[in-house]
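Throughout, a chain's letter reflects where its sequence line sits, starting with A, and its residues are numbered from 1.
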Amino acid sequence: MNGGSNSYLHKETIMQDIKAILKERAVGASLTVKGWVRTKRDTKNAIFLELNDGSCFANLQCVFDNNAMDDALRQAMESVSTGAAVAVSGSLVDSPAAGQPVELKASGLEIYGESPADAYPLQKKSHSFEFLREIAHLRPRTNTFGAVARVRHQMAFAVHSFFEERGFNYVHTPLITASDCEGAGEMFQVTTLDLDGIAKRGEAVDYGKDFFGKPAYLSVSGQLNVETYCMALGKVYTFGPTFRAENSNTPRHLAEFWMIEPEMAFAELPEDMALAEDFIKHLLGWALDKCGEDLAFFDKRVQPGLMAMLEAVRSSPFAHMSYTDAVKELEKHADAFEFKPYWGCDLQTEHERYLTETVIKGPLIVTDYPKDLKAFYMRQNDDGKTVRAMDVLVPRIGEIIGGSEREYRYDLLVKAMLDKKLKPEDYWWYLDLRRYGSAPHSGFGLGFERLMRYVTGMENIRDVIPFPRAPKQADF
RNA sequence: UCCCCUGUAGCUCAGUUGGCAGAGCAAGUGGCUGUUAACCACUGGGUCCGUGGUUCAAAUCCGCGCGGGGGAGCCA
């Protein structure tokens with residue numbers, strides 16, 4: 001554990017991560033800590049190294065006696081600077097100074113990797129998120145992005161725990177699809193054809209020679225596929241990457257993002273909405289319970305009031321409003337909008353924000369949208385005008401969930417396809433679900449990174465995923 | 001894709017009517033100090049995004065290109 005022959009570590013110490021050390025506070029214990037130097041401060045009598053090993057937000061302060069270092073240790077210390085990877089051994093003591101309850105009274109030091117101070121991009125100061133985005137390989141070493149990474153892990157884990165507790169099966173839907181009919185946005189094409197060569201030779205593209213024998217794409221949604229397993233296992237969900245080739249350049253869109261799509265057999269829209277509300281509350285509650293230290297940082301430095309907001313959402317019922325009522329509400333305040341609301345209009349961002357931030361001041365579920373605004377597979381209401389869709393809107397983020405009860409009646413589904421200029425034969429296997437044992441079912445999609453924006457308070461979606469992909473942006 | 005803003009030291013930014021390139025932080029050196037966004041002094045540090053133009057003179061004005069941010073649309 002102690003490394004090479006030039007080690008100045010004490011050999012008989014216990015290796016622990018900083019999270020455990022700060023939790024247990026075993027004063028008197030001999031310890032070895034391995035991590036990265038966040039800051040180094042010299043004084044006459046002591047040298048302070050603050051170490052972070054990623055296990056938690058907090059650093060461990062290691063204190064070396066500046067008057068009791070031999071030449072070898074002093075020389076090693078000379079080459080330690082912000083960013084260096086080191087191991088420090090010593091004994092845990094109560095800290096005589098304010099700022100930390102315990103600290104490591106250090107005597108051993110080993111350097112694994114230096115980090116030249118005149119070149120290392122991360123300084124002992126705050127950096128803009130825009131700058132850090134350009135060094136995405138180093139930004140997880142900062143307070144903010146370390147916290148984002150830990151929260152992201154916990155949220156992914158919470159997704160699975162939520163569905164596991166409720167008897168859902170996790171289904172892996174394909175990322176590559178050869179059907180050009182998912183209808184949820186522009187798709188990335190996948191090919192093994194030599195496009196350069198074909199272009200140089202001036203030939204026409206023959207997809208019969210492509211890998212799949214026809215054009216193939218990255219999936220924009222797992223929903224249609226997961227419905228097949230829903231009609232067999234009852235309660236299912238997907239959680240995986242999703243790809244949209246839209247040329248959208250906003251703080252809330254990515255070309256590659258992660259989406260969670262549950263689907264419940266025999267469930268109608270009210271159960272779907274209840275699931276969505278429980279899901280959001282489970283996730284926010286999990287974050288509050290498991291990531292308090294990280295959230296406290298976001299609350300202090302990124303989004304003041306964040307934790308109180310999350311607590312409030314967790315403990316109060318979501319508001320409900322039909323699309324028709326929402327438009328009536330908006331029409332009362334038509335002067336406030338650039339786009340005047342009317343029945344049949346798509347709700348603009350300004351409309352959604354007004355509803356959640358001004359009218360409701362919290363999460364709002366809007367239901368029963370005009371059928372012309374929504375996808376073909378949504379269950380049609382008896383009024384002939386609306387479908388059983390529901391969008392969960394939250395302040396600051398806007399739409400975080402989009403879902404619906406699905407149309408399970410064969411004839412009505414085919415008619416909806418034709419109305420939207422889709423070819424039923426392209427959806428033959430999807431239609432089979434309505435021919436053999438069709439049943440009411442409902443589901444929704446939650447954008448994982450939008451959830452992350454909501455939970456952390458981070459404004460830009462590119463800062464809540466490790467390596468964001470967006471138009472003209474695929475570095476790292 | 002459209003609209004607006006923006007690009008100057010490692011980072012964040014200032015730079016007046018077009019007239020010798022600046023500050024804070026970071027880095028280096030020294031000092032002080034159980035420090036904790038440490039403090040004090042000194043030092044080094046520039047393709048002013050690129051390109052073309054206007055001008056005696058361009059970081060500054062104009063055209064084009066590229067990058068970044070915000071808003072809109074698409075949506076999760």
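If you check every strand for non-hydrogen atoms under 4.0 Å, A/Leu254 touches a base. A/Asn45 comes within 4.0 angstrom of sugar-phosphate atoms only, judged by non-hydrogen atoms across all strands, and of no base. Residue contacts for A/Thr250: at a heavy-atom cut-off of 4.0 Å it reaches a base atom on one of the strands shown. A/Asp346 comes within contact range of the sugar-phosphate backbone alone, with a heavy-atom separation under 4.0 Å but no base atom that close. Across all strands, A/Gln473 comes closer than 4.0 Å only to sugar-phosphate atoms, never to a base (heavy-atom distances). Among the protein residues, A/Asp42 comes within range of the nucleic acid bases, having at least one heavy atom under 4.0 Å from a base atom. Looking at heavy-atom distances under 4.0 Å, A/Pro96 makes contact with a base. Residue contacts for A/Ala46: at a heavy-atom cut-off of 4.0 Å it reaches no nucleic acid atom on any strand shown. When heavy atoms are screened at a 4.0 angstrom cut-off, A/Ile260 is found touching no nucleic acid atom at all.
A cation-pi arrangement is present between A/Lys385 and A/Trp343, with the terminal nitrogen or guanidinium carbon under 6.0 Å from the aromatic centre and inside a 45° cone about the axis.
Here the side chain of A/Ser81 pairs a donor or acceptor atom with the backbone of A/Ser115 at under 3.5 angstrom. Of the possible donor and acceptor atoms, none in the side chain of A/Glu256 sits under 3.5 Å from a partner among the backbone N and O of A/Thr242.
Under the 4.0 Å criterion applied to side-chain N and carboxylate O atoms, A/Lys235 and A/Glu263 are not assigned as salt-bridge partners. Residues A/Asp475 and A/Arg469 are not paired through a salt bridge, judged by the lack of any N-O separation under 4.0 Å between the basic side chain and the carboxylate. Between A/Asp463 and A/Arg139 a salt bridge is recorded (basic side-chain N to carboxylate O distance below 4.0 Å).
Between B/A14 and B/G22, the two C1' atoms lie 7 Å apart (nearest whole Å). Taking atom C1' in both B/A21 and B/U16, the straight-line distance is 15 Å, to the nearest Å. Taking the P atom of each, B/C13 and B/C2 are spaced 27 Å apart, rounded to whole Å. Here, B/G53 and B/U17 have their P atoms 27 Å apart, quoted to the whole Å. For the P atoms, the distance from B/G24 to B/G67 is 34 Å, rounded to whole Å. Atom name P, nucleotides B/G15 and B/G34: the rounded distance is 42 Å, in whole Å. Comparing B/G46 with B/C74, their C1' atoms are spaced 43 Å from each other, to the whole Å. B/G50 and B/C66: their P atoms are spaced 16 Å apart (whole Å).
Residue order along RNA chain B, read from the 5' end via each residue's closest nucleotide, puts A/Thr39 first among A/Thr39 and A/Lys472. Position along RNA chain B of the nearest nucleotide to A/Glu459 versus A/Gly402 favours A/Glu459 as the more 5'-ward residue.
Contact annotation: A/Gln100 side-chain N/O to B/G34 OP1/OP2 distance is not under 4.0 Å. Contact between the side-chain N/O atoms of A/Lys124 and the OP1/OP2 oxygens of B/A38 is found at a separation under 4.0 Å. Dashed line: the shortest gap from a side-chain N or O of A/Ser128 to OP1 or OP2 of B/U12 is under 4.0 Å. Put simply, A/Arg353 has no side-chain N or O that comes within less than 4.0 Å of OP1 or OP2 on B/A72. Put simply, A/Asn460 has a side-chain N or O that comes within less than 4.0 Å of OP1 or OP2 on B/G70. Regarding contacts with the backbone of B/C75, every side-chain N or O of A/Arg244 stays at 4.0 angstrom or more from both OP1 and OP2. Side-chain N/O atoms of A/Gln61 include none lying less than 4.0 angstrom from OP1 or OP2 on B/U35. Between A/Arg133 and B/G69 there is a side-chain N or O to OP1 or OP2 distance below 4.0 Å.
Closest approach to the A/Phe131 side chain among B/U12, B/U1, B/C75 is made by B/U12 (side chain taken as heavy atoms from C-beta onward). Comparing B/A26, B/G73, B/U35 by their nearest atom to the side chain of A/Gln348 picks out B/G73. Minimum atom distance to the side chain of A/Lys125 is reached by B/A26, of the listed B/A26, B/A76, B/U1. For A/Thr349, whose side chain is taken as the heavy atoms from C-beta onward, the closest listed nucleotide among B/A76, B/A27, B/G73 is B/G73. Among the nucleotides B/G28, B/G34, B/G68, the one closest to any side-chain atom of A/Ala117 is B/G28.
Atom pair A/Glu352:CD and B/G73:P shows a separation of 9 Å (rounding to whole Å applied). Rounding to whole angstrom units, CZ of residue A/Arg462 and P of B/G70 are separated by 8 Å. Atom CG in A/Asn66 sits about 13 Å away from atom C1' in B/C32, given to the nearest Å. In this structure, A/Phe448 places its CZ atom 19 Å from C1' of B/C75, rounding to the nearest Å. B/C5 atom C1' lies 15 Å from atom CG of A/Asn249, rounded to whole Å. The distance from atom NE2 of A/His253 to atom C1' of B/C75 is 4 Å, rounded to the nearest whole Å. If you measure from atom CZ of A/Phe339 to atom C1' of B/C2, you get 11 Å, rounded to the nearest angstrom. Remark: P of B/C75 and CD of A/Glu261 are 15 Å apart, rounded to the nearest angstrom.
Across all strands shown, B/U17 has no partner, as no Watson-Crick or G-U wobble contact with both distances under 3.5 Å is found. Searching all strands for a Watson-Crick or G-U wobble partner of B/C64 with both distances below 3.5 Å returns B/G50. Base pairing analysis places B/C25 opposite B/G10; the two distances defining the Watson-Crick or G-U wobble pair are each below 3.5 Å. Under the Watson-Crick and G-U wobble criteria, each requiring two contacts below 3.5 Å, nucleotide B/U1 is paired to B/A72.
In this model, no side-chain donor or acceptor of A/Arg41 finds a partner on the base of B/C39 within 3.5 Å. One cannot find a donor-acceptor pair under 3.5 Å joining the base of B/G69 and the side-chain atoms of A/Glu130.
Aromatic pair A/Tyr354/A/Phe337: centroids less than 6.0 angstrom apart.
A donor-acceptor contact closer than 3.5 angstrom links the side chains of A/Gln223 and A/Tyr377.
Under the side chain to side chain donor-acceptor pair (under 3.5 Å) rule, A/Glu50 has a single partner from A/Arg38, A/Arg41, A/Lys40, A/Lys124, which is A/Arg41. The only option from A/Glu405, A/Glu407, A/Glu271 that meets the salt bridge (Lys or Arg N to Asp or Glu O under 4.0 Å) definition with A/Arg388 turns out to be A/Glu405.
A stacking contact between A/Phe48 and B/G34 is absent: the pair does not combine a ring-centre distance of less than 5.5 Å to the base's six-membered ring with planes differing by less than 30°.
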